[in-house]
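One structure, as structure tokens, below. Some questions next.
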Amino acid sequence: MKSVLMVAEKPSLAASLAGILSNGRCTAKRGNNGCSTHEWTGPFRNEGNVHFRMTSVCGHVMSLDFTSKYTSWDKVDPVQLFDCPTEKKECNPKQQMRSFLSHEARGCDYLVLWLDCDKEGENICFEVMDAVQHVIHNVYSTYVTYRAHFSAITDKDIKGAMESLGHPNKNEAKSVDARQELDLRIGCAFTRFQTKFFQGRYGDLDSSLISYGPCQTPTLGFCVKRHDDIQLFKPETFWYLQLVAGQPEVTLEWARGRVFKKNIAIMLLNRVKEHKEATVESVSSKESFRSKPQALNTVELMRICSSGLGIGPFQAMQIAERLYTQGYISYPRTETNQYPENFDLHAVLRLLQPSGDFGDEARAISSDFQTPRKGKDAGDHPPITPMKLGQRNDFDRDTWRVYEFICRHFMGTISRDLKYRTTTAKLKVGLETFTCTANVLLDAGFTKAMTWLAFGKDEAMPPFVQGTQVPITDVRLAESQTGPPDYLTEAELITLMEQHGIGTDASIPVHINNICQRNYVKIETGRKLIPTTLGIVLVHGYQKIDPELVLPTMRSEVERMLTLIAKGSADFNDVLRHAIKIFKLKFVYFVQNIASMDMLFESSFSPLAESGKAHSRCGKCRRYMKYIQTKPARLYCSHCNDNYTLPNGNVKVYREFKCPLDDFGLLAFSTGVKGRSFPFCPYCYNHPPFRDMPKFGGCNTCTHPTCPHSLNTLGISSCVECETGVLVLDSTLSPTWKLGCNRCDVIINCFKGATKITVEENKCSECGAQLVNVVYKSDKSKFKDGSEEKSGCVFCSSEFAHLVEKHRAVASRQVRSGGPSRGGGGAAGPGAGNARGGRHGGRPPKDKMAQLAAYFV
DNA sequence: GCAAGGTC
């Protein structure tokens with residue numbers, strides 16, 4: 001019997017498809033990457049019965065990146081990213097998707113691709129074919145590999161697709177390849193350049209990454225555009241007439257609305273005032289309705305979660321994802337907002353009826369069922385609907401609110417429209433017309449389920465009769481001002497993105513999240529998006545240099561070019577080369593003109609030299625340097641115009657100590673009493689003076705022969721945990737003392753309260769560690785005999801045992817690992833004639849003296 | 001450390 005491998009885009013879909021195609025008679029086994037394989041036997045084309053094996057991927061198998069040579073931000077000029085080589089890498093190496101696919105493909109004669117029917121799906125088809133090409137013979141032949149085209153996950157559609165298999169579309173797949181390459185090159189080039197240009201330039205610029213992207217930047221652009229509209233808004237004063245008449249009294253609206261000239265308004269007021277009565281010109285009434293909602297798709301779900309529930313799209317989708325995996329709702333990522341023809345709406349309604357929260361509404365709708373509205377069938381997944389009844393207690397608060405919304409929205413879609421009657425009375429006073437409207441609810445319709453949309457109170461109107469006269473109670477002139485637009489709400493932003501084709505239903509929340517996390521916008525009450533100074537300055541900068549960089553039309557223009565590839569009317573390489581050329585030119589122009597963006601930064605942020613506080617002295621000019629705390633933390637010497645990177649954590653001036661090599665003031669780094677700490681020289685930290693001292697190392701890695709802070713002076717023994725580390729006495733926090741490994745995180749607290757500890761020349765005869773001399777103040781001695789000073793081994797001396805934390809573990813470890821003989825004496829060798837080589841447990845740096853000599857030359 | 005697109 002022949003075998004057929006079938007692959008869907010996600011595990012859930014593989015399960016549904018297998019269920020349909022096998023008529024519910026398939027077996028399933030779970031792979032260790034989250035993808036299951038379903039098997040059954042059935043007829044296939046003209047092969048008679050075959051063995052079907054249906055599995056899935058998890059979205060894309062591969063992703064595009066630069067080759068490793070081009071991943072360095074320091075060594076690669078970003079402009080190279082437009083031409084440098086790229087390579088496809090497995091998206092998630094842990095999943096081992098390629099080997100999983102080729103394993104599942106073993107023994108298969110045919111491949112049927114059930115990827116989502118969009119361009120990305122078409123691209124994944126080829127990723128799958130590539131993964132199994134060595135297993136399925138002739139996989140690129142049209143007699144071996146087929147493509148299923150389906151537009152809904154229904155019995156009819158799926159079986160229909162199986163009957164009319166086509167072939168994967170190379171052009172559509174290539175258009176995705178082109179998109180990936182363009183996004184990668186453009187995004188990374190601009191991001192690296194901007195980041196490196198502005199980083200370290202302004203002290204109070206709180207961002208270590210200044211990103212650019214063809215989707216995120218226009219998204220930010222929308223927010224800043226609204227901000228600018230608000231800033232540029234000039235309020236105008238207007239006037240309008242208010243007429244009070246009728247029994248009971250009502251205030252009527254002026255048909256002119258508003259006038260912007262006060263003298264005209266006063267003139268019209270005076271004309272009205274000449275009359276004591278108004279004439280009822282007409283009273284009319286008509287029925288109006290508000291449409292029930294369309295079936296729910298992802299974008300609408302995100303919009304309403306944001307505007308109605310105050311839950312952001314990113315979180316909303318996380319919640320929806322969880323509800324989906326727990327079986328409470330259908331697949332939450334879909335563009336379709338129209339139920340499939342044979343969708344069993346009644347079944348969904350029935351499952352909601354027992355609910356204590358909305359069961360009454362569900363039962364009412366079931367006896368008054370209405371056909372849902374038509375919408376758009378994007379051919380991906382059915383709309384989002386409830387699948388299982390959940391109770392309030394099953395969820396946390398927000399999850400329940402999202403679930404309840406989905407249920408009530410579903411009921412709304414099969415309810416009646418809301419109906420109301422509008423009555424309008426038109427009154428004439430001289431030549432001026434005034435109107436009064438009153439709305440009365442006739443049928444609450446879908447708002448019975450969607451209670452938050454409920455119609456307002458019924459409005460009353462005096463019994464105006466056409467042709468009669470009504471006494472005027474009052475007429476007055478009112479003054480008001482036009483107001484600025486409000487900041488963009490998240491829901492409005494989603495709509496704008498959707499309209500301009502910025503992102504997809506799945507990526508829209510990611511882009512919004514990005515511009516928040518990068519500190520370009522902040523979300524304020526009412527989920528309004530307020531751009532930050534950084535966001536505003538960035539967008540204004542693009543507008544000054546090249547406005548297209550921030551326009552939403554950029555993306556649509558690129559999409560248009562990509563569609564040409566997909567349609568087969570343009571060559572992949574031609575389009576790609578053309579687009580890259582344009583963007584490279586834009587990039588070069590941007591780099592040349594970055595000064596005009598920098599001017600905006602300058603007026604919004606403080607240049608480095610003015611920010612930060614005087615801290616420690618520069619060894620070159622002996623002036624104080626500035627300490628800039630915002631990440632990346634650094635010292636800046638404004639006189640020498642040099643930056644010195646600092647370790648992440650607490651950095652303080654270390655008394656008056658100086659580095660004997662370069663005269664820079666020493667600093668003390670710490671991450672708290674229980675964390676690592678060491679003294680360091682800011683110059684050596686960035687420019688290690690010795691070959692065996694690592695970059696970004698402290699004095700505890702420095703092999704200076706005589707400096708009182710060096711490894712050579714303060715080293716005690718080799719580390720108890722790691723292979724290459726040395727335990728070094730740390731005095732920076734005295735009277736708290738500790739031994740800290742200069743490689744790993746081992747810390748041994750000891751001799752708390754001691755006033756002085758020195759490392760002696762001599763070694764412990766038992767373990768080889770350097771002996772230490774410990775001094776306490778006379779009245780604060782911690783020694784059992786009350787003495788002020790003692791010398792001994794931290795690990796072996798019994799007088800010290802109670803003053804060293806973890807000393808037992810340390811001692812036993814020391815003994816077991818061979819203590820003094822471990823690499824010690826031999827390596828110290830003849831070069832270490834002063835016997836200091838053995839000081840730190842016998843691991844002196846090789847050829848230390850030679851290196852020192854080289855340095856001092 | 002970077003984009004955007006799938007999906008968990």
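Chain identifiers are assigned alphabetically (A, B, ...) following the order of the sequence lines, protein sequences preceding nucleic acid strands; residue numbering begins at 1 within each chain.
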- Contact class for A:G34 vs. all strands (heavy atom < 4.0 Å): base, sugar-phosphate, or nothing? nothing
- Message: Quick check on ring pair (Phe, Tyr, Trp, His ring centres under 6.0 Å): which of A:Y520, A:F198, A:Y542 does A:Y212 satisfy it with?
- Response: A:Y542
- Query: How is A:R322 classified with respect to the nucleic acid when contacts are heavy atoms under 4.0 Å: base, sugar-phosphate, or nothing?
  - Reply: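 No contact.
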- Message: Judged by each residue's nearest nucleotide on DNA chain B, which is more toward the 5′ side, A:C91 or A:R333?
- Response: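 The residue mapped nearer the 5' terminus is A:C91.
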- Remember a base hit wins even if backbone is also touched, and classify A:Y331 as base, sugar-phosphate or nothing at under 4.0 Å, heavy atoms.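 If one applies the 4.0 Å heavy-atom cut-off, A:Y331 turns out to touch the sugar-phosphate alone, with no base involved.
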- Query: How far apart are the closest heavy atoms of A:A320 and A:L301, and which atoms are they?
  - Reply: CB-CD2, 4.0 Å
- Task: Within residues 5-19 of chain A, find the residues that approach DNA chain B with a heavy atom at under 4.0 Å, and present them sorted by residue number.
- Result: A:E9, A:K10, A:P11
- Query: Have A:Q216 and A:S211 got a donor and an acceptor in their side chains that come within less than 3.5 Å?
  - Reply: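 On atom types as modelled, these side chains qualify, holding a pair under 3.5 Å.
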- Classify the nucleic acid contact of A:G121 as base, sugar-phosphate or nothing, counting any heavy atom under 4.0 Å across all strands shown. nothing
- Before giving the answer on side chain to side chain donor-acceptor pair (under 3.5 Å), spell out for A:T399 and A:D396 the whole-Å C-alpha distance, their side-chain angles and the decisive distance to 0.1 Å. CA-CA 5 Å; A:T399 307; A:D396 63 61; 2.9 Å; yes
- In residues 122-130 of chain A, which residues come under 4.0 Å of DNA chain B by heavy atom?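 By residue number: none to list.
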- Item | Partner set under salt bridge (Lys or Arg N to Asp or Glu O under 4.0 Å) for A:D118, not counting sequence neighbours |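 If we apply the salt bridge (Lys or Arg N to Asp or Glu O under 4.0 Å) test to A:D118, skipping adjacent residues, there are no hits.
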- Query: Base, sugar-phosphate alone, or nothing: which one does A:Y212 contact when heavy atoms must sit under 4.0 Å apart?
  - Reply: sugar-phosphate
- Please find the earliest and latest nucleotides of DNA chain B, in the 5' to 3' direction, that have an atom within less than 4.0 Å of any heavy atom of chain A.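 Boundary nucleotides touching chain A, in 5' to 3' order, are B:dG1 to B:dC8.
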- Query: Quick one: ring-ring contact (aromatic ring centres under 6.0 Å, His included) partners of A:F696, sequence neighbours excluded?
  - Reply: A:Y685
- Item | Flag for A:S12-A:Y324: side-chain donor and acceptor within less than 3.5 Å |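 Distance-only check passes for A:Y324 and A:S12.
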- Query: Do A:D130 and A:Q133 have a side chain donor and acceptor closer than 3.5 Å?
  - Reply: yes
- Query: Where along residues 52-83 of chain A does a heavy atom fall under 4.0 Å from DNA chain B?
  - Reply: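 Within residues 52-83 of chain A, the residues near DNA chain B are A:C58, A:G59, A:H60, A:L64, A:D65, A:W73.
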- Query: Between A:E321 and A:C215, which is nearer to the 5' end of DNA chain B once each is assigned its nearest nucleotide?
  - Reply: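 By nearest-heavy-atom nucleotide position, the 5'-most residue is A:C215.
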- Message: Just to be sure I understand the geometry, which residues of residues 112-119 of chain A put a non-hydrogen atom under 4.0 Å away from DNA chain B?
- Response: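 A:D116, in order of number.
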- Query: Do A:F52 and A:M6 come within less than 4.5 Å of each other through their side chains, counting heavy atoms only?
  - Reply: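 Touching, per the 4.5 Å side-chain cut-off.
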- Item | Nucleic acid contacts - residues 568-594 of chain A versus DNA chain B, non-hydrogen atoms under 4.0 Å |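 Contacts with DNA chain B under 4.0 Å: none.
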- Provide the closest heavy-atom pair for A:G121 versus A:R147 in the form atom of the first, atom of the second, distance.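 Nearest heavy atoms, A:G121 then A:R147: C-NH2, 4.1 Å.
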Listing, residues 74-83 of chain A side-chain donor-acceptor contacts under 3.5 Å, not counting sequence neighbours, or none:
| from | atom 1 | to | atom 2 | distance (Å) |
| --- | --- | --- | --- | --- |
| A:D74 | OD1 | A:K196 | NZ | 2.9 |
| A:D77 | OD1 | A:V79 | N | 3.1 |
| A:Q80 | OE1 | A:D77 | N | 3.1 |
| A:D83 | OD2 | A:K584 | NZ | 2.7 |

- May I ask you to decide if A:V61's main-chain N or O and A:E127's side chain share a donor-acceptor pair within less than 3.5 Å?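 Between the backbone of A:V61 and the side chain of A:E127 there is a qualifying donor-acceptor contact (under 3.5 Å).
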- Task: Measure the acute angle between the ring planes of A:H500 and A:F222, then classify it against the limits of 30° and 60° as parallel, tilted or perpendicular.
- Result: tilted
- Partner residues of A:R527 under the salt bridge (Lys or Arg N to Asp or Glu O under 4.0 Å) criterion, sequence neighbours left out: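 Once residues adjacent in sequence are excluded, the partners of A:R527 under the salt bridge (Lys or Arg N to Asp or Glu O under 4.0 Å) criterion are A:E490.
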- Item | Donor-acceptor pair between A:T37 and A:E104 side chains, under 3.5 angstrom |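 A:T37 vs A:E104: donor-acceptor pair found between side chains.
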- Message: Under the rule for salt bridge (Lys or Arg N to Asp or Glu O under 4.0 Å), what residues qualify as partners of A:D745, not counting sequence neighbours?
- Response: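 Salt bridge (Lys or Arg N to Asp or Glu O under 4.0 Å) list for A:D745, sorted by chain: empty.
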- Heavy-atom pair of closest approach, residues A:A316 and A:I311: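 Taking A:A316 first and A:I311 second, the nearest heavy atoms are N-CG2, 3.8 Å.
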- Query: Base, sugar-phosphate alone, or nothing: which one does A:R185 contact when heavy atoms must sit under 4.0 Å apart?
  - Reply: nothing
- For residues 64-73 of chain A, pull every pair meeting salt bridge (charged side-chain N to carboxylate O under 4.0 Å, His left out), keeping only residues two or more places apart or in separate chains.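 Sorted pair list: A:D65-A:K89.
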